[in-house]
Amino acid sequence: MGDYKQFNKTLKQKKMSEKKKKPGILTQKYDMTFLKKVNDIEVWAISELAKLYDVDEESLPVELDLHEIVELENDEERTEEIKDVLKGCPKDITSFIAEVLAKIRALPPH
């Protein structure tokens, strides 16, 4: 019986140490401050897109995934992705793209 208790104690300790070693999936790639800043840009972008499309935020005909755009290699790729998503926009998107890129460049390294 004593060996069984020792085995359970050892097993629990092993599981606890494994949990401490494994960071969460999101925190492996980003820190939470970085995610918050990207989400802030996304909130701003949704507001700006609503103005560009003359609709309320809930009725936007497009979805711009800024988390994906941030991960692209450079501004040229980001610009092309944004242009592709917003190709049917009734208004000029040049200044919107410039602001998005500036906000992305201002993000801390991750």
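Not measured: the values here are computed from a predicted model. Side-chain atoms are counted along with the backbone in the values below, which use heavy atoms only and exclude waters and symmetry mates.
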* Asked: So Leu52 and Asp92, side-chain contact (heavy atoms from CB on, under 4.5 Å) or not? Walk me through it.
  -> CA-CA 8 Å; Leu52 288 171; Asp92 183 41; over 6 Å; no
* Which is it for Glu68 and Glu81 under the side-chain contact (heavy atoms from CB on, under 4.5 Å) test, yes or no, and what are the steps along the way? -> CA-CA 9 Å; Glu68 180 182 304; Glu81 178 66 21; 3.5 Å; yes
* Could you walk me through whether Leu66 and Val100 pass the side-chain contact (heavy atoms from CB on, under 4.5 Å) test, one step at a time? => CA-CA 9 Å; Leu66 279 166; Val100 169; 3.9 Å; yes
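Side chains of Val38 and Ile104 form no contact here, defined as non-hydrogen atoms less than 4.5 Å apart. Taking 4.5 Å as the limit, every side-chain heavy atom of Leu64 sits out of range of all side-chain heavy atoms of Ile46. In this structure, the side chains of Glu63 and Val85 stay at 4.5 Å or more apart for every pair of heavy atoms. The side-chain heavy atoms of Asn39 and His67, taken from C-beta on, include a pair separated by under 4.5 Å.
Note that the NZ atom of Lys37 and the CE atom of Met32 stand 13.5 Å from one another [nearest 0.5 Å]. The OH atom of Tyr53 sits 8.0 Å away from the CG atom of Leu60 when rounded to the nearest 0.5 Å. Between atom NZ of residue Lys36 and atom CD of residue Glu42 there is a gap of 12.0 Å, rounded to the nearest 0.5 Å. The CG atom of Asp40 sits 9.5 Å away from the CG atom of Leu107 when rounded to the nearest 0.5 Å. Distance CG/Asp56 to NZ/Lys51: 14.0 Å, rounded to 0.5 Å. Interatomic distance, Leu86 CG to Ile93 CD1, rounded to the nearest 0.5 Å: 5.0 Å.
For residues 76-95, there are no ring-ring contact (aromatic ring centres under 6.0 Å, His included) pairs, not counting sequence neighbours.
Partners of Asp84 by salt bridge (charged side-chain N to carboxylate O under 4.0 Å, His left out), not counting sequence neighbours, listed by chain and number: Lys87.
A donor-acceptor pair under 3.5 Å is formed between the side chain of Glu77 and the backbone N or O of Glu73. Of the possible donor and acceptor atoms, none in the side chain of Lys103 sits under 3.5 Å from a partner among the backbone N and O of Ala98.
Checked against Glu76 for a side-chain contact (heavy atoms from CB on, under 4.5 Å), the options Asn74, Leu72, Thr79 give a single hit: Asn74.
Hydrophobic clustering of Ile, Leu, Val, Met, Phe, Trp and Tyr side chains at less than 4.5 Å, counting indirect connections, keeps Phe96 apart from Val43.
One finds a salt bridge joining Arg78 and Asp75 here, because a Lys/Arg side-chain nitrogen approaches an Asp/Glu carboxylate oxygen to under 4.0 Å.
Counting non-hydrogen atoms of other residues, nucleotides and ligands closer than 6.0 Å to NZ of Lys83 gives a total of 12 or fewer.
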